[in-house]
Protein chains: 2
Amino acid sequence: MSRMNIEERRAALVDAALRVIARDGVAAASTRAIAAEAGMPLASFHYAFESRDALLRAAVVKVTDIDYGHAEAGFHSIITDPALFSEVSLEELIRLTFDAYLESLVNDPGREQAMLELSLSSMRNPSLEHLPAEQYATYYQSALRVMAEWEEVAGITWSMPTTQIAQAVVIVLDGITTNWLATRDTESVRATLPGFAAMFAAIADTNT
Amino acid sequence: MSRMNIEERRAALVDAALRVIARDGVAAASTRAIAAEAGMPLASFHYAFESRDALLRAAVVKVTDIDYGHAEAGFHSIITDPALFSEVSLEELIRLTFDAYLESLVNDPGREQAMLELSLSSMRNPSLEHLPAEQYATYYQSALRVMAEWEEVAGITWSMPTTQIAQAVVIVLDGITTNWLATRDTESVRATLPGFAAMFAAIADTNT
DNA sequence: AACGAAGTTGGTCGATCGTCCAACTTTGCA
DNA sequence: TGCAAAGTTGGACGATCGACCAACTTCGTT
């Protein structure tokens, strides 16, 4: 393995770990499997990280930052695509956003499954148990940013505390995730989206 | 260990496995840990089950049957409690049902966490990957039964296909589960319930 | 009482796990 | 050029895992 400083090696190992977890699950993400995925000898693992837990901690932190970034990116692709977004109603705009998230889930199920597995395994580990709450705090922030864009694009204001709405949005997206991962029935899940979109649209006031 | 036939021993091992999984997680549910929890020597394990996967399969089947039974039982305790249920609106009835589910989740987090871990680990195992879909089919049936009681008690009919509504109900309960497990913020999650209750109440028609 | 079937279990196998060490190579500075 | 620091790595450690076997005990039948 060519020479690299610790930061580079740590980053390479985290990326490798996320690939292994997305493909084979947390249980299969042994130090040997991660090192092999990164193309490193096993001994390099414990030169870069003190323990497997330390790497998992770094993996959760990294993945939290990039995860809902996908959902946000999907949203931006909607409001900048004239074919999709041309003076649609708020309700339709919300539905399109949820649909974009569902599409990203279907296109890369391993990523969201990895998120869930990392969260659950973190809850079982005393040294990692505080991470899921931070993870969800990041989700709420993402939801708030998307809601702010809904506000701006559709010209509305929310008639309830936005943090509460953001949490409800995350709950719905989370439920959709677990539901689809278990059933793999895309059309069935998609059929529930208009109802949720109508719910959130109903708690918005049109600006005068 | 006293003498018992295979069916008894299998049942005892499944119960022990569910206790271990709820307490320590799927990863900690080794054949040795399960046998110890059941008070059996390790060798008894492979006399009753061909493999660890075979026991996990039996555990998922059993837990699916009893899991949403708790939610249903919570609902029944509401509509038979005069103090709670006295001519409340449909919306309030739905909110109380969701609240009862949240209470059951808070009172025994291990059970729902075990459900999630079992589902996720099943998805990674080719011999178990069909189980999560069956698990959710059972959830939908439970939701349909609760919806039927909402209908009867509140005197309404649904203005959308009931199977679709049932799936949305399961999505919301699932999202609530993962959200609370990660944040442990009961009041914050509870605050989202009225919104979801209003959503489902809005797709009901009052009987003339 | 005899005997095959059913149930029980201590001990062990090979595989895999996280972790660590000592030997080695390369780098940057004096 | 010399040498300490930083980076690299083959190999091994004790522990734990799922699985299995052969010896043992108990049961039901005749």
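Numbered from 1 within each chain, the chains take letters A, B, ... in sequence-line order.
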Write out a two-atom table: protein N or O, nucleotide N or O from nucleotides 18-23 of chain D, distance below 3.5 Å.
| residue | atom | partner | partner atom | Å |
| --- | --- | --- | --- | --- |
| D:dG18 | OP1 | B:Thr31 | N | 3.4 |
| D:dG18 | OP1 | B:Arg52 | NE | 3.0 |
| D:dG18 | OP2 | B:Thr31 | N | 2.8 |
| D:dG18 | OP2 | B:Thr31 | OG1 | 2.7 |
| D:dG18 | N7 | B:Arg32 | NH1 | 2.7 |
| D:dG18 | O6 | B:Arg32 | NH2 | 2.8 |
| D:dA19 | OP2 | B:His46 | NE2 | 3.2 |
| D:dA19 | OP2 | B:Arg52 | N | 2.8 |

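- In terms of modelled atom types and a separation under 3.5 Å, the side chain of A:Arg52 and the main chain of A:Ala29 share a donor-acceptor contact.
- Between B:Ser44 and C:dT9 there is a side-chain polar atom (N or O) within less than 4.0 angstrom of OP1 or OP2.
- Rounded to whole Å, atom C1' of D:dC17 lies 14 Å from atom CG of B:Leu56.
- The residue from A:Asn179, A:Asp185, A:Thr183 that alone fulfils the side-chain hydrogen bond (donor to acceptor under 3.5 Å, both in side chains) condition with B:Gln167 is A:Asn179.
- We find that CG of A:Leu13 is positioned 13 Å from P of C:dT19, with the value rounded to whole Å.
- Note that CZ of B:Arg124 is 10.0 Å distant from CZ of A:Arg23, once rounded to the nearest 0.5 Å.
- Here the P atom of nucleotide D:dA6 and the CZ atom of A:Arg10 are 16 Å apart, to the nearest Å.
- By the 4.5 Å heavy-atom criterion applied to side chains, B:Tyr47 and B:Ile6 are counted as neighbours.
- Checked by atom type and distance alone, the side chain of A:Glu37 never pairs as donor or acceptor with a backbone atom of A:Val20 at under 3.5 Å.
- Checked for salt-bridge contact, A:Glu92 and A:Arg95 meet the test: a charged N lies under 4.0 Å from a carboxylate O.
- As a whole-Å value, the separation of A:Arg9 CZ from D:dT9 P is 6 Å.
- Here the C1' atom of nucleotide D:dA6 and the CD1 atom of A:Ile6 are 8 Å apart, to the nearest Å.
- Of the side-chain N and O atoms in A:Tyr47, none sit less than 4.0 angstrom from OP1 or OP2 of D:dT8.
- Straight-line distance from the CG atom of B:Asp24 to the P atom of D:dT16: 15 Å, rounded to whole Å.
- Ring orientation note: the planes of B:Tyr136 and B:Tyr140 are nearly perpendicular, at an angle over 60° on the 30°/60° scale.
- A:Asn125 pairs in a side chain to side chain contact (heavy atoms under 4.5 Å, CB included) with only one of the listed residues (A:Ser122, A:Ser127, A:Ser121), which is A:Ser127.
- The side chain to side chain contact (heavy atoms under 4.5 Å, CB included) test with A:Tyr101 is passed by exactly one of A:Val169, A:Val106, A:Val172, A:Leu173: A:Leu173.
- Every stem involving DNA chain D, taken as at least 3 paired positions in a row under the Watson-Crick or G-U wobble test at 3.5 Å, is listed here: C:1-30 with D:1-30.
- The CE-P distance, from B:Met4 to D:dC27, rounds to 14 Å in whole Å.
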